Every structure is written in C-alpha cells, then in structure tokens.
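Protein chains get the first letters and strands the later ones, always in sequence-line order, with residue 1 at the start of each. All values reported here derive from a predicted model rather than from experimental measurement. Heavy-atom basis, side chains included; hydrogens, waters and symmetry copies ignored.
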Amino acid sequence: MVSNLIKLENVWKIYQMGDVQVPALKGIDLEVKKGEFLAIAGVSGSGKSTMMNLIGCLDLPSKGKIFLGGDDIASFRESKLAQIRGQKIGFVFQQFNLIPTLTALENVMLPLEFQDVDTSTARKKALEILNLVGLGDRVHHLPSQLSGGQQQRVAISRALSVDPEIILADEPTGNLDSKTGEFIMDVLNKIHRKDSKTIIIVTHDFYLVKRAERVVFLKDGQVERIEHNHKEQGGEFA
Amino acid sequence: MRFNKSLKLAVNILVHSKLRSWLTIIGIVIGIAAVVAIVSIGAGMQQNVESRLGGLGADIITISPGGGRASAGFRGGHGGGMPGTTATAATAENLTKKDVLVLQSVGGIEYIQGTVSGRGEMYYLGEKATISIDGVDPLVWKEMTTSELESGRLLGPSDYNVVVVGSRVAKDTFKQPLTLNRMITLEEKAFKVVGILKESGGFGGDDNKIIMPIKAARDTLEDVGSDEFDSITLKVANTDDVDQIMEEADKKLMISRHLTERGKDFSIRSAKSTQETMSDITQTMTLFLGAIAAVSLLVGAVGIANTMFTSVLEKTKEIGIMKSIGAKNSDIMMIFLLNSAIVGLVGGLLGICLGTGIASLLPLLGMRMMGMGREGMTTAVTPSLLFFALLISIGIGMAAGVIPAYRASKLKPVDALRYE
Ligand SMILES: Nc1ncnc2c1ncn2[C@@H]1O[C@H](COP(=O)(O)OP(=O)(O)OP(=O)(O)O)[C@@H](O)[C@H]1O
Ligand SMILES: [Mg+2]
C-alpha cells in the first residue's frame with residue numbers, strides 16, 4: 001500500500017503577539033507519500049518554516065490535525081514526540097545548528113546517544129556517514145573549524161545517523177554559495193534515490209525547486225498551488 | 001539517554017563555560033572552606049577538652065574560692081595549678097578548716113584534701129624561675145592524685161622539706177634537668193627532690209607544679225593563713241554520685257558560710273561539670289561560626305543558581321537543537337542538573353582543600369587568646385567531615401540548579417531554536 005506517510009488536515013497555526021493574533025498557516029491540507037521528494041516554496045513569511053516545524057513535531061498546530069504514519073501527533077505526550085523527532089525525523093537547518101562545543105563526530109553521534117545506542121555502535125555509524133559525505137578527515141574538528149559547506153554536511157550526517165524515515169531540510173543551502181549548495185543538494189538527492197527516504201525541503205531557490213518531484217507553493221499561510229516535476233533528474237547529478 | 005552520556009554533556013558544558021561562571025563557584029568554595037575549617041576547629045577543641053580534662057579524674061570535685069563558674073573554665077592550664085587557683089581570691093573569703101569539717105558531713109566522700117597553693121621563686125644551679133607550688137596532706141594526696149611517679153617516691157607523712165616535682169618543672173624549666181635527691185631552693189628554703197612525676201599532659205595535671213607537704217607550704221608561701229586553704233578537693237567513693245554530692249556539698253557550704261546565691265564566694269565543680277561547661281562553650285562557638293559559614297554557603301548557592309539561569313539562557317538554542325534531534329525533557333533536565341551538581345562538586349573539592357589548609361594553619365597562628373597555649377589549639381579534619389562537606393556542596397549545586405534545569409527542560413523546541 002502506498003500510504004500517506006504525512007497528512008495535514010486543515011492545519012492552522014496562529015501566533016499570539018500580545019493582543020494580536022498572527023495566523024502563519026491558514027487551513028493547510030497536504031499529503032506526502034512515503035519516499036517522496038517534496039519542495040516547499042514561497043516568499044518570505046509565507047509560513048514555510050512554520051509548516052516544517054509542525055511536520056517535524058517541533059510544535060503543535062493551533063487547529064487541524066497532523067498525521068504521521070496514521071497517528072495524530074497532537075495525541076502524543078512530550079516524550080513520545082521527542083522519540084519521533086529522534087527516531088523518525090532528521091532535521092537539516094539553514095544555520096546548520098551544530099552544538100559548537102562538540103566535534104563533528106560527537107555531533108553526529110548525539111542523536112544516537114539520545115536513543116541509547118551504545119557508544120561503539122554509534123561511533124561506527126557516525127564515522128561511516130561522515131566518510132560518505134566526504135568528511136572522513138574532519139571528524140575531530142569543532143564546527144567553528146569547519147567551512148559552512150562542511151558544517152552542513154555534518155548536519156546532514158547528524159540527520160541521517162538514526163536512519164530516519166523523513167528528512168526535513170529548511171533552506172539547507174540558504175547560507176551557502178551556489179556551488180556548495182549544489183553539492184549539498186546532490187547529497188540529499190543521493191539519499192533520496194538510494195535509501196528512498198522521504199525528503200521535504202524548503203527553499204526559495206527556483207533552480208533547486210525544480211529538482212523535487214513535487215513543489216508546494218505557499219502564499220500567506222495557504223497552499224497557492226502544487227506543481228509536479230515529471231522530468232527525472234537524478235542521473236544528472238549522480 | 002544514558003547517564004554517562006548526560007554526564008559527558010554536563011561536563012562539556014562546564015568545561016566550555018565562560019570565566020564568569022567559574023567565578024561564581026567561589027561562593028561555594030568559600031562557604032565549604034569555612035564550614036570545614038570551623039567544624040574541624042570545633043572538633044579539635046572538643047577533643048582537646050576531653051583529653052585534657054581526662055587527667056582530672058571523674059571522681060574528683062574541686063571547691064575553690066571566688067564565685068562565677070564562667071571564669072573558671074579557661075583558667076589554669078599552661079600556667080599550671082588546679083583550675084581556679086588563680087581565681088580572684090582577693091575579694092573572696094578563703095576556704096577554711098571549718099569548710100572541711102562541713103564537707104566531712106556530706107556522705108559518699110572517700111577523701112577530702114585541703115590544698116594551699118601559690119607561686120614561689122625557685123633557684124636551681126644558679127637559675128631562677130617562678131613555679132606553682134601546691135601544699136598537700138601527703139597521706140590524702142597519695143590516695144587522690146592521678147599523677148604517676150616516673151622516679152623516686154611520693155610524699156610521706158613525716159616529710160617536711162622535701163618536694164615532688166612535675167615533669168615539665170623537672171625537664172623543661174631549667175637548662176640542667178632536675179634529678180632525684182637534688183637540693184633546690186624555694187623562697188629561701190632548701191628542699192630535696194624525692195620524686196619526679198610522669199607527664200600527664202592533661203588540664204589540671206601536675207606537670208608545671210611542685211608539690212610539698214602542706215606544713216612546709218604554709219611556712220614557705222606568703223599570705224597563707226594557718227587554717228586556710230586555696231582549694232578543697234573531694235574524692236567521691238562512687239563516680240555516679242558526683243552530681244548529687246556536688247549539690248549537697250554546695251548547699252551545706254552555702255549554709256555554713258551564710259551565703260545567698262548572689263553573694264556566692266566559692267565555686268564548686270567536677271571534671272564532668274567543667275567538661276560540660278567547656279563543651280557548651282565550644283559547641284556554642286562552633287554553632288555560631290557554623291551559622292556564618294552557612295550564610296556564605298547560601299550566598300554561594302544563589303550565585304550558582306544565578307549562573308545556571310544565565311547558562312540556560314545562553315544554551316537555549318542548543319537546548320532547541322538537542323530537542324530537535326530527539327532529546328526528551330528528562331534528558332535536558334538531567335544534563336543541566338548534573339552540570340550544577342558538578343559545579344557544586346568542584347566548588348566543594350576546592351573548598352575542602354582551602355578549608356583543610358586553613359584548619360592546619362590556624363594552630364600555627366597560635367590561638368593564645370584562648371588561654372590554651374600553643375599546643376592548646378588543634379583541629380580535627382575527619383574523613384566523615386570531608387564526605388559531608390562534599391555531599392552538602394553537591395546538594396547545594398543541585399538545589400541551585402533545579403529550577404533553571406526545569407525551565408530548560410520545559411522550553412518549547414521551536415521557541416528554543418529561534419533564540420539567538
Ligand atoms: N514565534 C512566532 N511568533 C510570532 N509570529 C511568528 C512566529 N514565527 C513565525 N511567525 C510569523 O509567521 C509567519 C510565517 O513565518 P515563517 O517563519 O513560517 O515564514 P517562512 O516562510 O519560513 O519565511 P522565511 O522564508 O523568511 O524563512 C511570519 O509572518 C512570521 O512573522
Ligand atoms: Mg523560514
């Protein structure tokens with residue numbers, strides 16, 4: 001059964017700013033299939049990050065329902081949400097968001113340690129992934145000793161370390177030059193094709209948007225339109 | 001998350017924390033150092049009092065002229081003499097033979113000893129020294145004294161111009177040590193040394209004294225009336241009766257001397273009561289100083305709490321990151337609680353080092369004002385004290401960290417991630 005891994009039903013997110021209510025999302029309906037490569041596009045302030053955070057269980061909707069694998073995330077307790085974030089979802093952020101006092105290796109091992117994986121297994125796994133993204137010789141560097149592109153590769157490694165079903169990347173190339181950004185996109189593409197992971201990526205970049213199978217355009221907190229890119233692009237970047 | 005991983009992260013936070021946060025540890029360091037030093041001084045004083053009063057004998061009651069129990073405790077000691085012999089006898093009536101007779105009517109007393117005492121000039125091989133002299137009834141003294149002979153013999157009933165000397169008088173007072181059968185001159189009279197006592201080390205011991213028959217003492221010392229005593233010592237038959245006998249003796253003396261409680265011109269005490277008084281004093285002092293130390297610990301705790309709040313604030317984004325990759329609230333709570341526990345531990349360890357250092361230096365500074373002399377000041381740093389100091393410092397660290405750690409754990413992941 002090709003199930004909907006992620007399903008948003010009339011999702012609202014309203015921020016309370018003093019007396020004013022700021023609706024960031026206004027009734028979003030969306031279904032994402034397992035193994036899909038989805039892009040979310042839209043101008044600044046259209047609600048892309050807000051939507052990502054909800055899908056990633058970093059926040060709960062004000063109204064509406066979000067289903068992950070059939071379960072309503074609003075019904076979960078805090079520890080269960082943490083478990084989902086730790087096991088099912090891998091985050092990649094625009095600002096890399098590495099722990100500055102931990103080395104590349106320790107950063108990648110951290111999600112595994114939150115899942116009580118024993119140290120030697122975690123270490124092996126982390127080294128394997130870091131090698132995969134071409135950072136085998138930088139594992140003991142602190143984030144501050146790495147370039148932006150390298151930091152983002154560490155962040156991707158960290159997201160992959162627990163072998164999650166879903167990768168959520170919020171403007172992963174936003175802080176990188178176009179060439180490095182392309183490299184990061186190649187890595188994400190590879191993951192998608194090889195491990196058939198579900199990937200959702202937020203971006204303004206029209207060029208990057210075209211690499212996704214499907215693009216959701218947001219405007220003022222609502223889905224403006226959805227485009228399908230039928231062209232298979234994987235080969236070009238392999 | 002496993003405990004050792006949380007611990008690793010907690011240590012990581014501490015290692016990378018700013019100098020400012022290290023500085024707040026000082027509050028705990030000083031507090032713990034003060035506690036360790038104060039408690040060890042208190043314990044040392046306690047041990048001191050106990051060991052020194054041990055030599056007094058639990059079955060001995062001493063009555064001396066001069067009221068006021070409070071002044072009695074710290075007198076005597078290094079200078080020698082039974083406690084109270086240097087008391088303010090000027091205004092008080094001396095004890096007399098009549099008092100001895102009154103005391104004889106108190107039951108349960110085995111021996112009664114009237115002692116005259118004073119200080120006299122002593123010459124020996126051309127050297128001069130002022131020495132405390134006790135005049136005692138040789139027969140009774142033999143039974144009552146807790147001092148032991150090192151060589152020679154004790155005083156005998158027919159002795160007149162002979163003396164027994166305390167170990168420090170014999171060994172330390174003159175360049176040439178006093179030996180048996182030597183002649184010495186006391187207040188222009190010649191005496192023969194017939195016995196030398198072993199060192200007692202104790203508080204009311206005879207180490208710094210010369211003991212001679214009371215008849216000789218009356219003739220030698222100035223200002224001693226023919227039937228007056230400077231102190232009366234009772235040896236009770238049964239140690240359990242000490243308190244009761246003391247009370248009775250006190251009552252009878254008050255009546256015979258026509259005294260009221262306010263005009264009381266003698267003091268009566270036992271080794272036990274003296275010890276209790278001294279213990280009370282040391283305990284009160286320890287408590288008082290301990291309270292000051294506790295205040296400083298409290299300040300230290302507030303300092304740590306403050307640092308923890310700042311630290312949590314500074315780490316907000318990292319907390320968000322950790323939550324986004326699967327950290328549970330309990331994981332965050334644990335990490336920050338451990339962090340503050342480690343801060344407490346480090347502060348405690350440093351404080352123990354400092355406190356032990358202070359405790360070992362204090363005796364060198366010589367607390368002469370305590371009237372105990374150089375060797376009178378000892379401190380006792382026990383393993384259990386150190387253990388409790390560590391426990392307290394860790395506890396304070398954790399107590400100070402609980403609220404900040406709780407706040408950190410309750411942060412919403414999105415909000416924490418947005419924090420810059
Ligand atoms: N914590 C918040 N409190 C109040 N308003 C918020 C909060 N987070 C987001 N908003 C508002 O919600 C709207 C959507 O924000 P969001 O961050 O989702 O936009 P975005 O599409 O990711 O924009 P960008 O491309 O600039 O990242 C914005 O108008 C923003 O001001
Ligand atoms: Mg955004």
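With a threshold of 4.5 angstrom between heavy atoms, B:I13 does not approach chain A through any atom at all. Only the side chain of A:E78 comes within less than 4.5 Å of a heavy atom of chain B; its backbone N, CA, C and O stay farther away. No part of A:Q87 comes within reach of chain B, as not one of its non-hydrogen atoms sits under 4.5 angstrom from that chain. Using a 4.5 Å cut-off between heavy atoms, A:L98 contacts chain B through its backbone alone, with no side-chain atom that close.
Other residues, nucleotides and ligands contribute over 12 non-hydrogen atoms within 6.0 Å of the CZ atom of A:F67. Atom CG of B:L23 has more than 12 heavy atoms from other residues, nucleotides or ligands within 6.0 Å. In A:K13, the NZ atom is crowded: over 12 heavy atoms of neighbouring residues, nucleotides or ligands sit closer than 6.0 Å.
Here the straight-line distance linking atom CD1 of A:I99 with atom CD1 of B:I321 works out to 4.5 Å at 0.5 Å rounding. A distance of 4.5 Å separates NZ in B:K317 from CG in A:N97, rounded to the nearest 0.5 Å. Rounding to the nearest 0.5 Å places CG of A:L102 at 7.5 Å from NZ of B:K8. For the atom pair OG1 of A:T119 and CZ of B:R2, the computed distance is 7.0 Å after rounding to the nearest 0.5 Å. For the atom pair CE (B:M1) and CG (A:L110), the distance works out to 5.0 Å, reported to the nearest 0.5 Å. Residue B:L417 holds its CG atom at 8.0 Å from CZ of A:F91, rounded to the nearest 0.5 Å.
When A:Q83, A:E106, A:R158 are compared by the number of non-hydrogen pairs under 4.5 Å with chain B, A:R158 comes out ahead. Interface check for chain B: of the options A:D118, A:V117, A:L81, the most heavy-atom pairs under 4.5 Å are formed by A:D118.
In this structure, the side chains of A:P100 and B:H16 stay at 4.5 Å or more apart for every pair of heavy atoms.
Residues of residues 322-333 of chain B lying within less than 4.5 angstrom of chain A, judged on heavy atoms, are B:M322, B:K323, B:S324, B:I325, B:G326, B:A327, B:K328, B:N329, B:D331 in numerical order. Against chain A, no residue from residues 383-394 of chain B qualifies, as none has a non-hydrogen atom under 4.5 angstrom away.
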